[in-house]
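Computed from a predicted structure; not experimentally measured. Order of the sequence lines fixes the chain letters, A, B, ..., with proteins taken first and strands second; residue numbering starts at 1 for each chain.
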Amino acid sequence: MPADVMIETVALKKHFPVRKGILQREAKAVRALDGISLTIRRGEVLGLVGESGSGKSTLGKTLMMQEPPTSGQIVFGDTEISRFSERLLKPFRRRMQMIFQDPFSSLNPRMSVGDSLTMPLRFQAPDMSASARLDKARQVIETVGLSGDILERFPHEFSGGQRQRIGIARALITDPEFIVADEAVSALDVSVQAQVLNLLTEIRHRWQLTMLFVTHDLAVVGHIADRVAVMYLGKIVEVAPTRELFTRPRHPYTEALMSAVPTPERRAHQRIMLEGDIPSPISPPSGCAFRTRCPYAKPACADSAPPLDVRGTGHYAACHRPELELASPIAT
Amino acid sequence: MTTMTAAGDAAHTRHHWWQHRTLSRFLRHRLAATGLAIILMLTLACLLGPHLLPYDELTVDLRARFSPPLTQDHYLGTDPLGRDIAARLLMAGRISLLVGFSVMLISTVFGTLIGVVAGYFRGWVGSVLMRIVDAFLAFPSIFLVLVLSAFVEPSPFMITVIIALTCWMEIARIVEAEILSLRERDFTIAARLSGASARWIMFRELVPNAMGPIIVAATLTIANAILLEAYISFLGYGIQPPLPSWGNMLNSAQQYLADAPWLAIVPGITITLAVSSFNFIGDGLRDALDSRSNLP
Amino acid sequence: MTLSHPPALAVRDLCVTFQRNGCETRVIHDIDFEIAAGETLALVGESGSGKSVTSMALMRLLGRQSRAAVTGQVALHAATEREPIDLLQIDDARMRQLRGRRIAMIFQEPLTALNPVHRVGDQIAEVVRFHSGSPRRQARAQALALLEQVGIPEPSSRLDSYPHELSGGMRQRVVIAMALAMEPDVLIADEPTTALDVTVQAQILTLLKTLQRDTGMAMLFITHDFGVVSEVADRVAVMYAGRIVEEGDVEAVLARPLMPYTAGLLASVPRLERAGLPGERLATIAGRVPDPASLPAGCSFQPRCTFAVPGTCDSAVPALASLKAGRRVRCTRAHELIPAEELSPCPQTS
């Protein structure tokens with residue numbers, strides 16, 4: 001494997017069993033991840049977009065090995081970790097951290113900020129003294145724009161934006177290489193969101209972080225990501241460098257998603273309106289999963305699932321109709 | 001980047017606001033506040049009272065048998081052996097309250113342990129533990145207590161242990177349910193993803209956040225324990241005479257109900273007062289510590 | 001803003017004061033706005049700006065236990081009435097009648113408005129029956145028609161669904177159907193698409209616009225998203241710390257915000273157009289929204305404002321000055337920051 005790959009997945013699947021009846025028989029499964037093959041290069045921010053039910057959050061959690069995948073591989077650096085026990089994973093936990101969506105749930109309300117921040121160090125750097133841990137916490141809390149004297153306070157004393165900064169500080173305290181940010185700015189007000197996005201951009205360069213940035217907000221992902229992957233029903237349907245994806249979408253779902261974003265500039269533009277909702281991941285449509293809502297679907301789309309094919313430099317799309325000329329909301 | 005210090009935020013600030021709010025909400029609960037006052041007075045009386053009364057609880061005075069309340073210095077009268085009821089009541093209170101508090105401590109610690117382990121590990125560990133809880137719950141607790149106490153020397157210590165054995169299941173169930181929901185919260189996941197030990201997650205991340213319901217259940221356990229102790233002592237299996245307990249005072253009063261009703265009324269009222277006070281305190285705490293207001 | 005017809009909803013000097021820990025905190029200060037029939041006014045602001053409290057006050061939904069004192073006038077001019085009704089003066093029974101019939105509200109989370117144990121068809125029919133007293137069979141037929149109108153596929157089978165069997169978008173459609181059952185004159189929509197995916201949000205916004213065109217209702221649309229504002233609204237009012245700080249036609253305000261707060265807010269939104277371009281930092285507004293219990297002296301935005309002048313901006317709350325073309329702005333320095341031709345005030349409408 002080339003040295004510049006941070007994390008790679010091969011045919012990653014995560015199915016959640018749906019149990020039925022008094023015998024708890026496994027009747028069906030929610031196919032949250034249905035064969036994801038993806039590489040994240042060292043130092044890049046990969047944006048992951050999709051609607052709810054697409055499996056984007058599950059991908060982030062599975063990469064963090066919150067729960068083992070159903071099948072497939074996760075290669076972190078040069079180690080295959082997807083079958084590791086918690087004991088074997090422990091040294092990797094220092095190198096990968098997570099930033100959560102809800103700033104009100106991600107910090108223990110009964111624990112001081114200092115205790116929350118130093119918690120990862122207790123387990124990842126057991127040789128560190130308590131005062132050294134606090135020094136480190138003070139140092140990290142200042143890099144996220146808060147003052148070092150808040151360590152004795154409790155989460156309820158802070159606003160959502162401040163808590164999110166504390167959550168970011170906790171993720172940074174073990175000097176990780178890879179961070180999964182799961183809707184990290186979605187719960188914040190516009191002006192606070194801008195502050196936190198700037199902070200994430202800043203620390204990403206300062207720490208030379210690799211990041212998976214999971215969000216439903218296309219404008220946010222366009223701002224922060226180097227490459228973007230679009231997910232639909234447990235599969236990646238398109239992945240490309242950010243500007244390329246936004247100006248030359250090659251999958252009808254990407255086109256529709258971008259067209260649906262309301263922006264202050266584009267008033268009453270012609271919209272590609274998708275019909276209905278995302279289908280249930282328990283019984284996704286046959287063939288191309290998007291065909292039931294796709295304005296360009298042909299009967300042949302029901303026959304087989306399209307592979308993720310090359311459409312340009314670093315640009316891949318999974319669509320049976322590569323000849324389509326798709327519209328971009330952005331004038332190039 | 002400008003350095004921001006935490007200042008007031010409209011919804012969630014005020015230094016330690018929840019403490020004030022919890023306290024004031026508790027005190028606003030009129031019955032709970034009354035209950036607390038009664039328990040405090042009762043405890044004080046049991047601790048200090050016996051030293052202030054002119055008689056001790058074992059002094060037999062056959063000349064003063066069956067004195068009704070307010071006879072000379074016998075404020076609550078005397079029993080068939082002429083012992084002072086006020087003194088006996090307060091000494092009995094020491095034992096009954098001590099049994100109540102000890103049962104609460106033992107069963108809360110034990111129940112919390114079982115609940116947190118079952119809730120955190122889930123899977124077969126959780127299933128086995130919770131089936132054991134169910135098995136214990138399947139026996140009527142009175143029956144269980146009576147069977148157990150028939151086998152052992154009925155000292156106050158053994159009575160405490162026996163009652164505690166029948167009181168921990170409720171707390172285990174409450175804690176397990178609470179832990180099951182708390183373990184899915186992001187702060188628990190963050191700890192797991194940092195390689196935190198199971199012990200840390202259980203006792204530093206989860207249990208402190210379940211304290212509200214635990215405290216409420218513990219308070220109600222005291223009431224339950226006092227009642228159980230009175231019950232088995234009344235049946236003669238509990239605290240043995242001449243040591244007084246509210247239950248065995250009732251027991252010895254049975255024969256004289258018609259002639260000396262105060263023998264039954266005095267301990268009866270005291271038991272009712274103590275038990276309902278603890279129940280009111282529990283209700284008040286439940287409202288004041290309502291988990292919705294503590295976990296944003 | 002001379003209107004031939006009286007506005008469907010006219011709010012004057014609306015103030016809301018909460019009693020908290022024995023002290024009074026005013027969270028809404030002298031809000032006034034008008035919405036004509038068929039028009040949509042968007043109320044924009046960040047959390048804590050008071051936009052939701054305003055809508056709750058209009059609907060008289062601030063319960064007694066929240067100890068809120070609401071003063072001012074909320075004149076509802078229903079198409080069926082000759083005189084406008086002041087919603088703050090009528091009794092509770094009359095308000096219950098008007099609510100749903102003449103003024104309706106939808107919320108961010110449709111599940112809160114739906115009863116989980118009843119079928120959606122029965123719930124819609126119940127609303128119809130409560131307000132019009134039509135017989136059961138007729139009410140059910142009406143419910144079916146409503147579901148069809150809000151674009152629910154296979155409406156006749158959906159009548160018998162329970163709320164949890166529907167997706168978020170479908171639930172919001174059901175709630176809209178219930179709100180519009182009696183063809184109200186005013187619809188208040190409090191972040192109705194915030195919990196939805198973008199593709200579903202686009203469907204719901206289009207639906208609301210279509211329904212408005214068909215019924216001619218006035219709409220007060222509360223949101224934090226300027227994208228949504230440009231999509232649905234005719235006019236926009238920006239709120240900050242319980243006050244309207246800027247108001248005007250959507251295109252004009254978005255293209256050329258006059259109040260520094262609006263400008264800052266607009267600048268801090270990442271632009272889809274700039275997606276993937278080598279990133280500069282996003283513009284931010286320093287500091288944070290003040291606590292309503294301790295508002296800064298003078299202009300509430302002054303401590304965070306880059307244009308603030310000590311001695312001027314912190315001395316008195318600036319008035320909401322009326323400019324050309326129905327624009328209003330609350331800024332002491334408007335005269336310096338805004339070109340003269342835009343400033344010439346228009347005659348105040350009563």
Side-chain angles (χ1 to χ4, degrees), chain A residues 50-54 159-162 188-198 201-202 216-228 240-247 253 256-268 271-278 280 293 329-331, chain C residues 44-49 151 153 166-170 193 195-203 205-206 209 223-233 250-251 253-255 261 264-289 304:
Chain A
E51 296 179 279
S52 46
S54 64
S159 68
Q162 290 170 325
L188 305 175
D189 268 321
V190 183
S191 68
V192 183
Q193 171 177 295
Q195 292 169 0
V196 174
L197 276 176
N198 285 343
T201 310
E202 198 179 292
H216 68 279
D217 190 326
L218 285 163
V220 165
V221 93
H223 177 77
I224 198 162
D226 304 314
R227 280 198 307 146
V228 177
T242 306
R243 191 70 190 165
E244 165 87 5
L245 184 97
F246 278 82
T247 50
Y253 180 60
L257 209 53
M258 288 197 295
S259 164
V261 179
T263 70
E265 290 86 5
R266 296 181 291 136
R267 215 161 133 73
R271 206 50 25 111
I272 300 146
M273 191 74 78
L274 286 186
E275 297 278 315
D277 302 301
I278 191 164
S280 159
R293 298 171 80 197
I330 303 171
Chain C
V44 204
E46 298 184 274
S47 44
S49 62
L166 302 176
S167 67
M170 286 301 148
T193 59
L196 303 175
D197 281 315
V198 271
T199 57
V200 180
Q201 166 171 282
Q203 296 166 0
L205 293 181
T206 311
K209 280 193 292 187
T223 181
H224 66 280
D225 185 336
F226 276 111
V228 171
V229 170
S230 83
E231 202 71 41
V232 294
V250 169
E251 271 159 42
V253 172
L254 295 186
Y261 174 66
L265 215 49
L266 275 168
S268 61
V269 185
R271 299 284 145 134
L272 200 60
E273 281 65 24
R274 296 204 39 82
L277 291 182
E280 74 264 47
R281 294 168 60 83
L282 290 168
T284 57
I285 306 172
R288 41 199 289 234
V289 177
R304 305 173 71 188

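With hydrogens and angles ignored, the 3.5 Å screen pairs a side-chain donor or acceptor of A:Q195 with a backbone N or O of C:I285. Side chain of A:R243 to backbone of C:A275: a donor-acceptor contact under 3.5 angstrom is found. A side-chain donor-acceptor contact under 3.5 Å links C:S230 to the backbone of A:T263. In terms of modelled atom types and a separation under 3.5 Å, the side chain of A:D189 and the main chain of C:S47 share a donor-acceptor contact.
C:D197 and A:E51 get closest at one heavy-atom pair: CB-OE2, 3.1 Å.
A:R293 touches chain C through its side chain: at least one heavy atom from C-beta onward sits under 4.5 Å away, while N, CA, C and O do not. For C:A283, the part lying near chain A is the backbone, with the side chain staying farther off; criterion is any non-hydrogen pair under 4.5 Å. The part of A:L197 that comes within reach of chain C is its side chain, from C-beta onward, which places non-hydrogen atoms under 4.5 angstrom from that chain.
How far CG of C:L196 is from NE2 of A:H216: 10.5 Å, rounded to the nearest 0.5 Å. Between atom CZ of residue A:F246 and atom CG of residue C:L277 there is a gap of 10.5 Å, rounded to the nearest 0.5 Å. Separation of atoms NE2 (C:H224) and CD (A:Q193) is listed at 8.0 Å; rounding is to 0.5 Å.
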Check against side chain to side chain contact (heavy atoms under 4.5 Å, CB included), C:L265 and A:S191:
CA-CA 6 Å; C:L265 215 49; A:S191 68; 4.1 Å; yes

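Remark: of the listed residues A:V220, A:L218, A:V190, A:V220 is the sole one forming a side chain to side chain contact (heavy atoms under 4.5 Å, CB included) with C:P270.
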